[in-house]
Amino acid sequence: MKAVVMGGGIAGLLAARVLTESFDDVVVLERDKLSDEPEYRAGVPQGRHVHGLLVRGGEIMEGLFPGLRDELVRSGAHLMDAGEMRILNPLGWVASGRSGMPLLVVSRPLLETHIRRRVTAKIVDDAHVTGLSFRGSTVDGVLTRDGRIDADLVVDASGRSSKLPAWLAEAGIAVPEPEVVDSRTGYATRLYTAPPEIPVVVAESLSAPDTPRGGIVMRIEGGRVMVTAQGAGGDHPPRDPEGFQQFLDSLRGPIAGMLADAEPVTPVYLFARTASRRIAFEQVTRWPGGLVAIGDAVCVFNPVYGQGMTVAAMAALLFRRHSDFSAKGCRDFQRKVAKTAQGSWVLSSNADQSWAGVEKTPAPLMRAFRWYMKKWQVALVHDQDIFLRFLRVVHLVASPATLMNPVVFRRLAKYSRLDPRPGRRRAARSPR
């Protein structure tokens with residue numbers, strides 16, 4: 001039995017790792033030319049920016065590759081308690097505290113390189129897939145510019161740039177139009193030397209509609225810090241160093257001041273392809289056998305929420321509990337993929353719809369969501385228990401249903417009386 005995985009990013013590598021448990025031959029086809037060392041590559045344009053590996057994602061990766069966490073720390077990644085991140089929301093610094101959840105803080109190139117070294121599947125780089133090979137109603141391989149590759153299972157993990165809808169259309173298989181939510185968020189990122197007093201993670205969060213600017217400072221390998229400025233609703237940070245610095249100066253928190261003794265070591269890099277998008281492949285009635293899709297090929301999240309790698313890891317685990325790749329079996333698999341991403345999609349897309357001009361949810365429901373999230377913003381500043389409950393949901397360790405109980409409602413009501421209008425409270429200049 002042979003499986004071919006299209007895409008050598010995080011989703012493809014994790015899928016390949018799990019597939020090696022049940023397939024005799026697993027091949028990963030990656031369009032980019034790959035290096036043995038951590039390097040930025042064209043196929044991951046957001047790789048130059050801050051990446052969030054949620055706690056649940058870190059747990060899955062450590063389970064698939066025992067010792068990976070320590071290996072990455074030895075290479076310069078940082079391990080911290082997720083509850084001790086310093087986060088500024090529109091109403092103040094959240095009531096952080098120890099959560100008992102280990103959080104791996106790592107750059108995307110370092111993480112991907114170490115995973116790739118651990119995967120035992122055959123990885124072929126500079127491989128350009130041009131289409132699917134069909135035998136009747138079953139996909140039996142892929143077409144590349146160098147010829148055809150047979151497969152009993154083809155996995156599309158090629159990410160945001162996936163051509164799968166077009167290839168299925170060429171075969172006469174109709175695919176629903178994607179659902180898109182665009183908060184018009186843009187990033188600008190620069191690397192600096194890391195003065196020793198800078199914490200591992202300091203973040204200033206966005207919040208519609210009054211707080212369109214935010215940023216993250218994250219320690220990475222090589223004694224450096226990665227500084228990503230974020231702007232939503234079209235208020236993007238500029239590329240030129242002076243404009244980038246002015247954007248940081250405009251933030252309410254201490255990010256600009258923390259960099260006073262840091263030296264920039266790279267130019268400023270931009271990224272603005274942040275629209276969330278999902279394709280309901282599970283609704284395709286004529287879905288072929290021998291083909292499944294995972295990761296960003298199915299559901300792309302706005303990177304500001306850091307959900308993509310973890311949802312991809314959760315989808316990769318589905319291969320352990322699924323062995324039927326007939327047409328019916330593949331449709332069942334796509335339903336499981338959709339269910340895996342559903343909770344994260346609801347939380348992030350509803351938040352993004354709050355930005356002017358992108359609202360798609362019926363007005364009463366959106367108003368209720370906005371009201372509820374404003375109550376949470378207040379409670380997170382005042383109540384450590386509320387923060388830790390919320391943190392477990394954000395990191396996909398607990399279900400969102402855990403936030404919907406009478407104890408939580410009573411505490412939200414208590415703190416709602418302290419809610420000032422956004423922007424009235426000036427943030428402290430230091431998280432210490």
Participant: Once side chain to side chain donor-acceptor pair (under 3.5 Å) is applied, do any residues pair with Y305, and if so which ones, sequence neighbours excluded?
Facilitator: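 Partners of Y305 under the side chain to side chain donor-acceptor pair (under 3.5 Å) test: D352.
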
Participant: Is the shortest side-chain N to carboxylate O distance from D385 to R389 below 4.0 Å?
Facilitator: yes

Participant: Does any N or O in the side chain of S399 come within less than 3.5 Å of the main-chain N or O of T402, such that one atom is a donor and the other an acceptor?
Facilitator: no

Participant: Hey, are R252 and E204 close enough for a salt bridge, meaning a charged N less than 4.0 Å from a carboxylate O?
Facilitator: yes

Participant: What I want to check is whether the side chains of R219 and H78 have a donor and an acceptor closer together than 3.5 Å.
Facilitator: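 Absent: no donor and acceptor within the cut-off.
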
Participant: What I want to find out is whether R41 reaches E30 closely enough, with some N-O distance under 4.0 Å, to be called a salt bridge.
Facilitator: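 Looking at E30 together with R41, the answer is yes, because their closest N to O distance falls below 4.0 Å.
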
Participant: Could D81 and R98 be called an ion pair, given the rule that one side-chain N must be under 4.0 Å from one carboxylate O?
Facilitator: yes

Participant: Give the intermediate values and the outcome of salt bridge (Lys or Arg N to Asp or Glu O under 4.0 Å) for residues R118 and E71.
Facilitator: CA-CA 11 Å; R118 293 283 206 101; E71 182 181 301; 3.2 Å; yes

Participant: Using salt bridge (Lys or Arg N to Asp or Glu O under 4.0 Å), reason through D126 and R145 one step at a time and then give a plain yes or no.
Facilitator: CA-CA 10 Å; D126 197 22; R145 66 182 182 183; 3.3 Å; yes

Participant: Check K2 with D24, please: is the shortest side-chain N to carboxylate O separation under 4.0 Å?
Facilitator: no

Participant: Which pairs count as salt bridge (Lys or Arg N to Asp or Glu O under 4.0 Å) when at least one residue sits in residues 227-238, sequence neighbours excluded?
Facilitator: R213-D235

Participant: May I ask you to decide if V50's main-chain N or O and T228's side chain share a donor-acceptor pair within less than 3.5 Å?
Facilitator: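 The answer is yes, because a donor-acceptor pair under 3.5 Å joins these two groups.
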
Participant: Among V225, V265, D261, I198, whose side chain to side chain contact (heavy atoms under 4.5 Å, CB included) with Y192 holds?
Facilitator: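 Among the candidates, only V225 passes.
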
Participant: Taking the basic N atoms (NZ, or NE/NH1/NH2) and the acidic carboxylate oxygens, is any pair closer than 4.0 Å for D296 and R278?
Facilitator: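 Answer for the salt bridge query: no.
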
Participant: Check the side chains of S107 and H51 for a donor-acceptor pair under 3.5 angstrom, ignoring hydrogens and angles.
Facilitator: no

Participant: Excluding sequence neighbours, so at least two apart, what forms side chain to side chain donor-acceptor pair (under 3.5 Å) with K336?
Facilitator: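 Result, side chain to side chain donor-acceptor pair (under 3.5 Å) vs K336: H322.
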
Participant: Between the side chain of T266 and the main-chain N/O of R190, is any donor-acceptor distance below 3.5 Å?
Facilitator: no

Participant: Partners of D240 by side chain to side chain donor-acceptor pair (under 3.5 Å), sequence neighbours excluded?
Facilitator: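 By the side chain to side chain donor-acceptor pair (under 3.5 Å) rule, D240 matches no residue at all.
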
Participant: Taking salt bridge (charged side-chain N to carboxylate O under 4.0 Å, His left out) as the definition, give me every residue that meets it alongside D25, ordered by chain and number, with sequence neighbours left out.
Facilitator: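 Residues passing salt bridge (charged side-chain N to carboxylate O under 4.0 Å, His left out) with D25: none at all.
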
Participant: S250 side chain to F247 main-chain N or O, any donor-acceptor pair under 3.5 Å?
Facilitator: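 Yes.
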
Participant: Are a donor atom and an acceptor atom from the side chains of Q377 and S207 found within less than 3.5 Å of each other?
Facilitator: yes

Participant: Treating Y187 as the side-chain partner and T274 as the backbone partner, does any N or O pair qualify as donor plus acceptor under 3.5 Å?
Facilitator: no

Participant: Give me the one residue out of R48, H49, Q230 that meets side-chain hydrogen bond (donor to acceptor under 3.5 Å, both in side chains) with T189.
Facilitator: H49

Participant: List for me each residue that meets salt bridge (charged side-chain N to carboxylate O under 4.0 Å, His left out) alongside R160, sequence neighbours excluded, and say none if there are none.
Facilitator: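 Expected list: none.
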
